[in-house]
Amino acid sequence: MDSTDAVGRLRVSDAERDAVVRRLQDAYAEGRLDHDEFDMRAHLAMTSKTRDDLAAVTRDLGPVAGHAGRGLEPAQPTGEDRMLAAAAHALAVPTLFVGPLVLMLVSGKRSEYIRRQAMEALNLQVTLLLITIVTLGVGGALYGVTWILSAIAAVFALAGRGFRYPWILRLVK
């Protein structure tokens, strides 16, 4: 039995159904669906039992423009994706922005999840670097706090959940 078949037969949660309904709402707002088709697909999404049932609702819809991170990627990242995303956060401690940047450029091409998490770690490091420069080095004291935040972000990434650092500039998109 193929592992993708087994994943497709897994039961879905309310959060996964809600993400698909948000995707349908975006497609409706863009004119990809008419009102009747939106109603039918929303009903199918809310009554879906398995991932295969849920995937069938949006299979013919392309990515929704400008709405990355709103339920458009696969429901669960793979174990390798989670490890590399956690590494992006953890590597930020000893390498500052270099580790997350390398992971974003190399592994981010094959996984949106890794790209988003590496980009988040990179944006944190760039923000800290700018604060340190502007405050003539005094802002460097914030690096101790970021070690704790990086550890928390790595744990979230290992669990397959996204993490967004609070109060940072998101210069890298």
Side-chain angles (χ1 to χ4, degrees), residues 1-92 100-124 149-166 168 170-173:
M1 173 188 348
D2 189 13
S3 65
T4 56
D5 292 337
V7 170
R9 288 194 297 263
L10 290 176
R11 294 183 67 89
V12 293
S13 67
D14 288 338
E16 291 170 301
R17 289 183 195 100
D18 290 343
V20 169
V21 169
R22 283 193 305 272
R23 183 175 180 189
L24 292 171
Q25 289 170 338
D26 290 339
Y28 177 67
E30 290 180 344
R32 295 178 188 219
L33 301 173
D34 63 23
H35 184 72
D36 293 333
E37 189 174 12
F38 168 75
D39 285 342
M40 179 192 66
R41 288 184 186 217
H43 174 73
L44 289 172
M46 295 310 294
T47 58
S48 293
K49 300 289 183 200
T50 66
R51 289 191 177 166
D52 282 340
D53 296 341
L54 205 54
V57 174
T58 57
R59 188 166 284 133
D60 63 338
L61 298 176
V64 181
H67 287 71
R70 290 188 61 196
L72 302 181
E73 57 278 338
Q76 292 290 352
T78 66
E80 182 182 3
D81 290 351
R82 292 192 317 259
M83 287 294 291
L84 288 171
H89 292 290
L91 281 173
L101 178 62
V102 168
L103 274 171
M104 185 179 82
L105 293 175
V106 174
S107 297
K109 292 178 183 176
R110 71 169 184 80
S111 171
E112 179 66 19
Y113 180 73
I114 296 170
R115 190 188 70 74
R116 279 185 293 120
Q117 293 302 305
M119 183 177 51
E120 192 69 16
L122 178 62
N123 279 325
L124 172 69
L149 284 174
S150 293
I152 292 169
V155 170
F156 270 71
L158 277 175
R161 297 173 52 199
F163 185 84
R164 288 182 58 95
Y165 292 100
I168 67 169
R170 290 184 169 75
L171 301 173
V172 180
K173 303 273 183 206

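Please read these numbers as outputs of a predicted model, since none were measured by experiment.
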| Partners of D36 by salt bridge (Lys or Arg N to Asp or Glu O under 4.0 Å), sequence neighbours excluded? | none
| query | Can you list the residues that meet the salt bridge (Lys or Arg N to Asp or Glu O under 4.0 Å) rule with R41, with sequence neighbours excluded? | reply | E37, D60
Shortest non-hydrogen contact from [X] to [Y]?
X	Y	value
V21	A42	CG2-O, 4.4 Å
A88	P100	O-CG, 3.4 Å
A45	V57	N-CG2, 4.0 Å
A121	H89	CB-ND1, 3.8 Å

Working to the nearest 0.5 angstrom, can you tell me the gap between [X] [atom1] and [Y] [atom2]?
X	Y	atom1	atom2	answer
I114	K109	CD1	NZ	13.0 Å
D81	Y113	CG	OH	8.5 Å
Y165	R170	OH	CZ	10.5 Å
E112	M119	CD	CE	7.0 Å
R11	S48	CZ	OG	11.0 Å
R110	R115	CZ	CZ	14.0 Å

Quick one: are [X] and [Y] in side-chain contact, heavy atoms under 4.5 Å?
X	Y	answer
F163	I152	yes
L24	L61	yes
Q117	L103	no
K49	L54	no
E16	L10	no

| Are side-chain N/O atoms of H43 and D39 paired as donor and acceptor at under 3.5 Å? | no
| query | For R23 and D26, what are the C-alpha separation, side-chain angles and deciding distance, and is it a salt bridge (charged side-chain N to carboxylate O under 4.0 Å, His left out)? | reply | CA-CA 5 Å; R23 183 175 180 189; D26 290 339; over 6 Å; no
| query | Do the rings of F38 and H35 sit parallel, tilted or perpendicular, given the 30° and 60° boundaries? | reply | tilted
| field | R9 side-chain N/O to T50 backbone N/O, donor-acceptor pair under 3.5 Å | value | no
